[in-house]
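Encoded as structure tokens, the structure appears first; notes follow it.
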Amino acid sequence: MSCFCLRKGKPAKTNHDQFIMLASETSFTVNEVEALLDLYKKLSSAVIDDGLIHKEELQFALLRNSSKQNLFVDRVFDMFDIKRNGVIEFTEFVRSLSIFHPNASPEKKIEFAFRLFDIRQSGYIGHNELKEMVLATLTESDVTVPDDAVESIVEKTIREADSNGDGKIDGKEWKEYVGKNPSLLKMMTLPYLKDITLAFPSFVLRTQVEHC
Amino acid sequence: MSFSQNDVVVETEPTTPPTPNDTTVLLGKYELRELLGVGASAKVYHATRVTDGKSVAVKAVSKRNVLANGLAENLEREISVTRRLRHHPNIINLLEVLATKTKIYLIMEFAAGGELFQKVADGGRMTEDVARKYFRQLISAVKHCHSAGVYHRDLKLDNLLLDDDGDLQVSDFGLSAVKNQIRPDGLLHTVCGTPAYVAPEILAKKGYNGATVDVWSCGVVLFALTVGFLPFNDYNITVLYRKIYRGQFRCPKWISSELKKLLSRLLDVNPQTRITVDEIMQDPWFNAGGYRFNRVLVEQQEPEWEKSQIKTKMLNAFDLISFSSGLDMSGLFVNSGDPNKVERFVLRQKVERIIEKVEEVAKGTKIRVRRNEKCEGARLEGQDGNLIALVLVYRLTDELVVVEVKSIGKMNCNPNLMSCLMKF
């Protein structure tokens, strides 16, 4: 069995109990949780081999580079690090990924995306926040767009989404806006999660599932 | 008892198979229906997926058996390989793997049309036209797998199933670790287990090449379909081996001369001179009736054309943000050698001009450009008609556009074209 602890300091819970609990709380089966453990181990040993996902490791996985700062990786990391202790633990990893499951509810996806884009965690997405994200994306792809063009894109988007006219997008407006632009939720669904057992099949020999 | 869904050896033991009772549901996901077959180390069930009622075949393998045969590592590797093979219309897809402490369950697509073997057994030999249809589908599947570096090594009628529409479905590509193993007495058992499909170089224990071995087996299959019995057969296994080794077989006189020629090229005992898959596709019998092989389309997990909405719409700020790879969580699952790549550029250019440019670049290559009607972009297709790249053009402002080039799979093998596209 694997030697790493899922919950440091909390005694008497085996991995298997954890897996059953995670499966009951998420869209995954116990086998899928076991397969995700392999993915987790791979990611969490990429930079610092301590069985926990650090920000550098998320950066490495998403950007193939562990030192490049990226606004969105920072945001994703903060969202996954539910306990806010600077690492993504396995349970956090499974719970967060579960929102990306094709079968997860759209409400959860919408809510997750809103919090992700609410970079100052102010409860709304304002003009400056949106512009900061657009600029971050453009910089990341080494693309230069004249400032007035960026300004007009941001302004136009705010105008489209801001139905109560207060100059910023709140959660309700975001929900309506996504309803009109469903492609915005595409990044919230990972088809890979459907065949995770084929991608990481080594669980079949280690599984603790008693019977089907 | 019917024993469809792949190579399970049906034994005539009087044991009643442990029929699952009506309520057996595997890990809450698949409801077991009837038992389709029992083998030395596996049982195959028909089952339905609880969420949507889809029919699947469940192959239950005893873990002890896999471990005892030292096949654990193979199994893991083969499952990942099989995953890469999916999406060919003539290959049975592995959908999922489930496991308990004692058993491994491979969830596969269900071939509702049963076995091709049964068709020959019931109806006797087929006309050459009918056999040709199946043979083309078989070769298409074989080519697809071989180009991914996967060899079947155990092609035989029993592994060839039919779907609802009567199209061929090859099962067990890449899954030799869970095939029935040679039984403890060392002999291959029962009709399905005869070495009748085995190429001579395997018998010679010389070490062999998976590609040429599969071609030989395809030859045995084609012979069996059109003639109605196996080219090499004998009750005495030593005699059988000798026949295979010498390539002794006889074509009945009703076989057309074109087919005879093809069979002799397929069942050429010398793997060096044996016909190759590419040569088969040039063969006159294979191509009879003006058949063009190049349109066997593989269903790819291709990025959907972003539906109609993109057409005239300009990108909003969030569309733009979602281009960030920091938000593309699929990066967690994909290895660095990922064949699919996305590149984007912002250009001050007219949309129409960009597609024209793509067409200019592709001219003189073997790549075909298909403009997309619904939205602004083009598909780049290889010679076989399969998608190799998508070029999508989005409007950013009145003057600026974002060009997105998604290359799929082997597109990277064509760095020339890629770099031309990059240069815009």
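Letters A, B, ... are given to chains in the order of the sequence lines, protein chains preceding strands, and every chain is numbered from 1. Please read these numbers as outputs of a predicted model, since none were measured by experiment.
- In this structure, chain A has heavy atoms under 4.5 Å from both the backbone and the side chain of B/Ser330.
- Proximity to chain B involves both the backbone and the side chain of A/Leu205, based on heavy atoms less than 4.5 angstrom apart.
- The existence of a salt bridge linking A/Glu160 and A/Lys180 is excluded, since no basic side-chain nitrogen approaches an acidic carboxylate oxygen closer than 4.0 Å.
- For a residue to count as touching a neighbouring chain, one of its non-hydrogen atoms must lie under 4.5 Å from one of that chain's; by this rule B/Leu400 touches chain A with the side chain only.
- For a residue to count as touching a neighbouring chain, one of its non-hydrogen atoms must lie under 4.5 Å from one of that chain's; by this rule A/Val76 touches chain B with the side chain only.
- No part of A/Glu34 comes within reach of chain B, as not one of its non-hydrogen atoms sits under 4.5 angstrom from that chain.
- Ionic pairing of A/Arg95 and A/Glu25 is present here: one or more N-O contacts between side-chain nitrogen and carboxylate oxygen are shorter than 4.0 angstrom.
- If you check the side chains of A/Glu140 and B/Ser325, you find a donor sitting under 3.5 Å from an acceptor.
- Between A/Phe19 and A/His16, the ring-plane angle classifies as perpendicular under the 30° and 60° cut-offs.
- Using a 4.5 Å cut-off between heavy atoms, B/Lys29 contacts chain A through its side chain alone, with no backbone atom that close.
- Using a 4.5 Å cut-off between heavy atoms, A/Phe60 makes no contact with chain B at all.
- Of the atoms belonging to A/Leu97, it is side-chain heavy atoms, and not backbone ones, that fall under 4.5 Å from chain B.
- A donor and an acceptor atom, one from each side chain of A/Asn70 and A/Gln59, are nowhere located under 3.5 Å apart.
- Under a cut-off of 6.0 angstrom, the local environment of NZ in B/Lys63 is crowded, with over 12 non-hydrogen atoms contributed by other residues, nucleotides or ligands.
- For A/Ile169, the part lying under 4.5 angstrom from a heavy atom of chain B is the side chain only.
- Judged by distance alone, with hydrogens and angles left aside, the side-chain atoms of B/Asp319 form a donor-acceptor pair with the main-chain N or O of B/Asn316 at under 3.5 Å.
- Within the 4.5 angstrom heavy-atom criterion, only side-chain atoms of B/Ile104, from C-beta onward, approach chain A.
- Checked against B/Thr48 for a side chain to side chain donor-acceptor pair (under 3.5 Å), the options B/Arg33, B/Lys54, B/Glu31 give a single hit: B/Arg33.
- Interface remark: of the candidates A/Ser202, A/Ala161, A/Ala136, A/Ser202 forms the most heavy-atom pairs closer than 4.5 Å to chain B.
- Contact annotation for B/Leu67: only side-chain heavy atoms (C-beta onward) come within less than 4.5 Å of a heavy atom of chain A.
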| ring pair (Phe, Tyr, Trp, His ring centres under 6.0 Å) evaluation trace for A/Phe112 with A/Phe100 | CA-CA 10 Å; A/Phe112 190 97; A/Phe100 290 81; 5.4 Å; yes
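- Interface remark: of the candidates B/Glu399, B/Glu96, B/Lys103, B/Glu96 forms the most heavy-atom pairs closer than 4.5 Å to chain A.
- Ranked by heavy-atom pairs under 4.5 Å with chain A, the first of B/Thr51, B/Thr397, B/Thr102, B/Leu327 is B/Leu327.
- Closest of all the heavy-atom pairs between A/Glu32 and A/Thr197 is CG-CG2, 3.8 Å.
- Both the backbone and the side chain of A/Leu198 come within contact range of chain B, judged by heavy atoms closer than 4.5 Å.
- With a threshold of 4.5 angstrom between heavy atoms, A/Phe93 approaches chain B through side-chain atoms but not through N, CA, C or O.
- Residues passing the salt bridge (Lys or Arg N to Asp or Glu O under 4.0 Å) test with A/Asp118, sequence neighbours excluded: none.
- Of the two parts of A/Leu71, neither the backbone nor the side chain holds a non-hydrogen atom closer than 4.5 Å to a non-hydrogen atom of chain B.
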